[in-house]
Student: 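Can you read through this structure? Questions will come right after.
Whatever order the structure lists them in is the order used to number ligands and atoms, beginning at 1. Positions are given from 1 along the sequence.
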Amino acid sequence: MGILAMKPFAGGALDNAELCFKFLRRFPDVIPIPGFDAIEQVDQVVAIYRNKNEVLPEDLEAMERYRAELGQRFCRRCEYCQPCEQGVMITAAMGYPIVVARMSAEKAAALVGPAMESVRNCTQCGECLKRCPYDLPIPELLQKHLALYDRHRVGA
Ligand code: SF4
Ligand code: SF4
């Protein structure tokens, strides 16, 4: 039986498409179904598939580095935890550190600002915890991300 691999870029947490596909192509029964937001990304993946898959020792090292960096506590953006009765935009707020890694802190704070502000409404009720298939400590992580956001806000 084949496997459809959703979110081969870990919901945006992984920014090296070539490396992601090098990893996935080692498993012939796995068919990745990535989401794209630009034509160039489609071209990039098609170009990867034109070549034989060659995984070099430095690729394996990079894969291990990503694995260690991400650990087990990153959000896959599946959205099963939502909705939150307090209106907390959980998924967007959970991804704040990933956005910060892609742009300046000020830009990230402006872009994800509404989601981060919604975290202030969290009552720590724990309802979202029961719905996360990855057992992420959502309220704890949200508070951590909020503290990071507060350090990044302009004028904060
Ligand atoms: S713990 Fe916070 S984010 Fe989770 S459902 Fe309750 S209020 Fe919403
Ligand atoms: S259920 Fe868990 S992994 Fe899925 S979006 Fe919510 S926090 Fe992220």
Side-chain angles (χ1 to χ4, degrees), residues 1-27 29-38 40-42 44-45 48 59-60 62-156:
M1 187 183 293
I3 295 172
L4 289 177
M6 287 174 66
K7 300 189 187 296
F9 308 131
L14 301 173
D15 58 1
N16 187 333
E18 190 178 354
L19 193 68
C20 290
F21 279 91
K22 276 189 176 188
F23 174 79
L24 289 163
R25 288 178 72 196
R26 296 194 302 165
F27 309 99
D29 296 336
V30 172
I31 308 294
I33 46 170
F36 296 108
D37 52 23
E40 298 76 51
Q41 293 169 356
V42 179
Q44 194 185 4
V45 170
I48 291 169
D59 295 325
L60 292 172
M63 287 171 198
E64 277 311 314
R65 229 175 13 253
Y66 270 116
R67 199 195 304 270
E69 273 169 24
L70 283 174
Q72 298 296 319
R73 303 213 317 173
F74 73 96
C75 173
R76 278 78 164 177
R77 302 179 64 191
C78 64
E79 305 212 320
Y80 291 140
C81 54
Q82 300 192 127
C84 162
E85 286 202 355
Q86 304 304 321
V88 177
M89 298 158 73
I90 303 173
T91 311
M94 286 291 280
Y96 184 65
I98 292 169
V99 178
V100 172
R102 304 265 185 288
M103 56 185 76
S104 73
E106 274 182 19
K107 270 190 188 162
L111 186 71
V112 196
M116 296 316 299
E117 290 297 330
S118 76
V119 174
R120 301 191 200 281
N121 299 331
C122 175
T123 58
Q124 311 272 324
C125 72
E127 282 304 308
C128 53
L129 285 172
K130 301 176 198 163
R131 298 193 291 256
C132 178
Y134 303 99
D135 293 328
L136 296 182
I138 299 172
E140 179 197 322
L141 290 174
L142 287 178
Q143 292 309 315
K144 204 171 136 200
H145 297 180
L146 181 61
L148 183 65
Y149 163 75
D150 278 340
R151 290 202 295 278
H152 293 159
R153 273 187 308 143
V154 178

Student: Quick check: do Glu117 and Arg153 have side-chain heavy atoms less than 4.5 Å from each other?
Tutor: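 The answer is yes; the side chains approach within 4.5 Å.
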Student: Strictly under 2.8 Å, is atom 8 (Fe) of ligand 1 approached by any N, O or S atom of Cys84?
Tutor: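 So Cys84 counts as coordinating atom 8 (Fe) of ligand 1, yes.
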Student: Return the closest protein heavy atom for atom 7 (S) of ligand 1 as residue, atom name and distance.
Tutor: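 For this ligand atom, the closest protein heavy atom is Thr123 N, 3.4 Å.
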Student: Any heavy-atom pair between the side chains of Asp150 and Arg120 that's under 4.5 Å?
Tutor: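 Sidechains of Asp150 and Arg120: in contact.
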Student: Looking only at heavy atoms, is any part of Ile90 under 4.0 Å from ligand 2, and if so is it the side chain, the backbone, or both, or is it neither?
Tutor: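 It is neither; nothing of Ile90 touches ligand 2.
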Student: Applying side chain to side chain contact (heavy atoms under 4.5 Å, CB included), run through Met1 and Asp29 and close with a yes or a no.
Tutor: CA-CA 7 Å; Met1 187 183 293; Asp29 296 336; over 6 Å; no
Student: Quick one: nearest non-hydrogen protein atom to atom 1 (S) of ligand 1, plus distance?
Tutor: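 Looking only at protein heavy atoms, the one closest to atom 1 (S) of ligand 1 is Gly126 N, 3.3 Å.
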Student: Answer side chain, backbone, both or neither: which part of Glu85 comes under 4.0 Å from ligand 1, heavy atoms only.
Tutor: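 Near ligand 1, Glu85 shows nothing, with every heavy atom at 4.0 Å or more.
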Student: Evaluate the side-chain proximity of Gln143 to Gln124: yes if any heavy-atom separation is below 4.5 Å, no if none is.
Tutor: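 Of all side-chain heavy-atom pairs linking Gln143 with Gln124, at least one is under 4.5 Å.
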Student: Relative to ligand 2, is Gln82 under 4.0 angstrom through side chain, backbone, both or neither, heavy atoms considered?
Tutor: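 Answer for Gln82: neither.
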Student: Taking Arg77 for its side chain and Met94 for its backbone only, find out whether a donor-acceptor pair lies under 3.5 Å.
Tutor: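 No; judged by distance alone, with no hydrogens or angles, the pair does not exist.
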Student: Among all protein non-hydrogen atoms, which one is nearest to atom 2 (Fe) of ligand 1, and what is the separation to 0.1 Å?
Tutor: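 Checking every protein heavy atom, the shortest distance to atom 2 (Fe) of ligand 1 gives Cys122 SG, 2.4 Å.
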Student: With respect to Asn16, which candidate in Phe21, Tyr66, Phe23, Phe9 satisfies the side-chain contact (heavy atoms from CB on, under 4.5 Å) definition?
Tutor: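 That would be Tyr66.
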Student: Only heavy atoms count here, so choose which of Cys132, Cys81, Ala93, Cys128 is nearest to atom 4 (Fe) of ligand 1.
Tutor: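 Among Cys132, Cys81, Ala93, Cys128, the closest heavy atom to atom 4 (Fe) of ligand 1 belongs to Cys128.
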Student: Decide yes or no for Tyr149 and Arg151: does some side-chain heavy atom of the first lie under 4.5 Å from some side-chain heavy atom of the second?
Tutor: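 The answer is no; the side chains never approach within 4.5 Å.
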Student: With under 30° as parallel and over 60° as perpendicular, where do the rings of Tyr96 and His152 fit, or are they tilted in between?
Tutor: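 If you compare the ring of Tyr96 with that of His152, the planes turn out tilted.
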Student: Which residue holds the protein heavy atom closest to atom 6 (Fe) of ligand 1, what is that atom called, and what is the gap in Å?
Tutor: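 Protein heavy atom with the smallest distance to atom 6 (Fe) of ligand 1: Cys125 SG, 2.3 Å.
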Student: Counting each atom of ligand 2 from 1 as listed, which ones have a heavy atom of Ile138 under 4.0 Å away?
Tutor: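 Under 4.0 Å from Ile138, ligand 2 has these atoms: 7 (S).
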Student: Distance under 4.0 Å to a non-hydrogen atom of Glu79: what atoms of ligand 2 satisfy this?
Tutor: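 Near Glu79, meaning under 4.0 Å from one of its heavy atoms, ligand 2 has 4 (Fe), 5 (S).
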Student: Among all protein heavy atoms, pick out the one at the shortest distance from atom 8 (Fe) of ligand 2; state its residue, atom name and that distance to 0.1 Å.
Tutor: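 Answer, as residue, atom name and distance: Cys75 SG, 2.4 Å.
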Student: Keeping the roles fixed (side chain from Arg25, backbone from Ile48), state whether a donor-acceptor pair exists under 3.5 Å.
Tutor: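 Side chain of Arg25 to backbone of Ile48: a pair is present.
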Student: Of all the atoms in ligand 2, which lie at a distance below 4.0 Å from a heavy atom belonging to Pro133?
Tutor: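 Result: 1 (S).
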Student: Near Gln86, which atoms of ligand 1 are under 4.0 Å from a heavy atom of that residue?
Tutor: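 Those of ligand 1 that fall under 4.0 Å from Gln86 are 7 (S).
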Student: Once you restrict to heavy atoms under 4.0 Å, what part of Pro139 touches ligand 1? Side chain, backbone, both or neither.
Tutor: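 Side chain only.
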Student: May I ask you to decide if Thr91's main-chain N or O and Glu79's side chain share a donor-acceptor pair within less than 3.5 Å?
Tutor: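 Between the backbone of Thr91 and the side chain of Glu79 there is no qualifying donor-acceptor contact (under 3.5 Å).
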